[in-house]
Amino acid sequence: QVQLVESGGGQVQAGDSLRLSCADSGRTFSTYAMGWFRQAPGKEREFVAAISWNGDSTNYASSVKGRFTISRDKFKYTVSLQMNSLKPEDTAVYYCAARRGSSYAINRDEYTYWGQGTQVTVSS
């Protein structure tokens, strides 16, 4: 069973970088497509980035394109989100998610497994 655990969140200043990681303690998500989502207070959970099962295809929300990079290590059962040039509007709880199938998705309803989330706070 897929069991996702995020790490790497924290409090930084605008312009700084953070790297989030998502590990599958069940060691089963190597054939799953993965995504990162975020939820700010009072807002709905929104798509951030996604990657196909083999890492060949990625997609990003327009608000993070060029600043964030999603990657995965199939052999270590981890997915990472490198976040550069952070802005205060990036402040949110970040969640990783897994969906059955090889292709990524941007709709949160297509993801079956979710981590518990990690807080990212960016101050101006």
Just so I know, are the side chains of [X] and [Y] near enough to count as touching, which here means a heavy-atom distance under 4.5 Å?
X	Y	value
Trp114	Phe37	yes
Leu86	Leu18	yes
Arg38	Lys43	no
Thr58	Tyr104	no
Arg72	Ser80	no
Arg19	Leu81	no
Ser17	Asn84	yes
Leu4	Tyr95	no

### Query
Under 3.5 Å, is there a donor-acceptor pair between the Tyr111 and Arg100 side chains?
no
### Query
Any chance CD of Gln3 has more than 12 other-residue heavy atoms, nucleotides or ligands included, within less than 6.0 Å?
yes
#### Entry: Glu44 CD: over 12 foreign heavy atoms closer than 6.0 Å
no
### Message
Run Asn59 and Ile106 through side-chain contact (heavy atoms from CB on, under 4.5 Å) and show every step you take.
### Response
CA-CA 8 Å; Asn59 197 1; Ile106 63 173; 3.5 Å; yes
### Task
Using side chain to side chain contact (heavy atoms under 4.5 Å, CB included) as the criterion, list what pairs up with Lys87, not counting sequence neighbours.
Arg67, Glu89, Asp90
Please check if the side chain of [X] supplies one atom and the backbone of [Y] the other of a donor-acceptor pair under 3.5 Å.
X	Y	value
Ser103	Ser52	no
Thr118	Gly9	yes
Arg108	Ala97	no
Glu6	Cys22	no

Reported [atom1]-to-[atom2] distance for the pair [X] and [Y], which is rounded to 0.5 angstrom:
X	Y	atom1	atom2	value
Thr69	Met83	OG1	CE	11.0 Å
Arg99	Asp109	CZ	CG	11.5 Å
Ser57	Ile51	OG	CD1	8.5 Å
Asp24	Cys96	CG	SG	9.0 Å

### Message
Evaluate Thr78 against Asp73 for side chain to side chain donor-acceptor pair (under 3.5 Å), listing each step before the verdict.
### Response
CA-CA 5 Å; Thr78 58; Asp73 185 328; 5.0 Å; no
### Query
Do the side chains of Tyr113 and Phe47 join up, straight or via other hydrophobic residues, at under 4.5 Å, putting them in one cluster?
no
Which heavy atom of [X] sits nearest to which heavy atom of [Y], and what is that distance?
X	Y	value
Gln119	Ala92	NE2-O, 3.4 Å
Ser102	Trp53	CB-CD1, 2.8 Å
Ser124	Pro88	CB-CG, 3.9 Å
Ile70	Tyr60	N-OH, 2.9 Å

### Message
Is the ring pair Phe68/Tyr94 parallel, tilted or perpendicular, if the boundaries are 30 and 60 degrees?
### Response
tilted
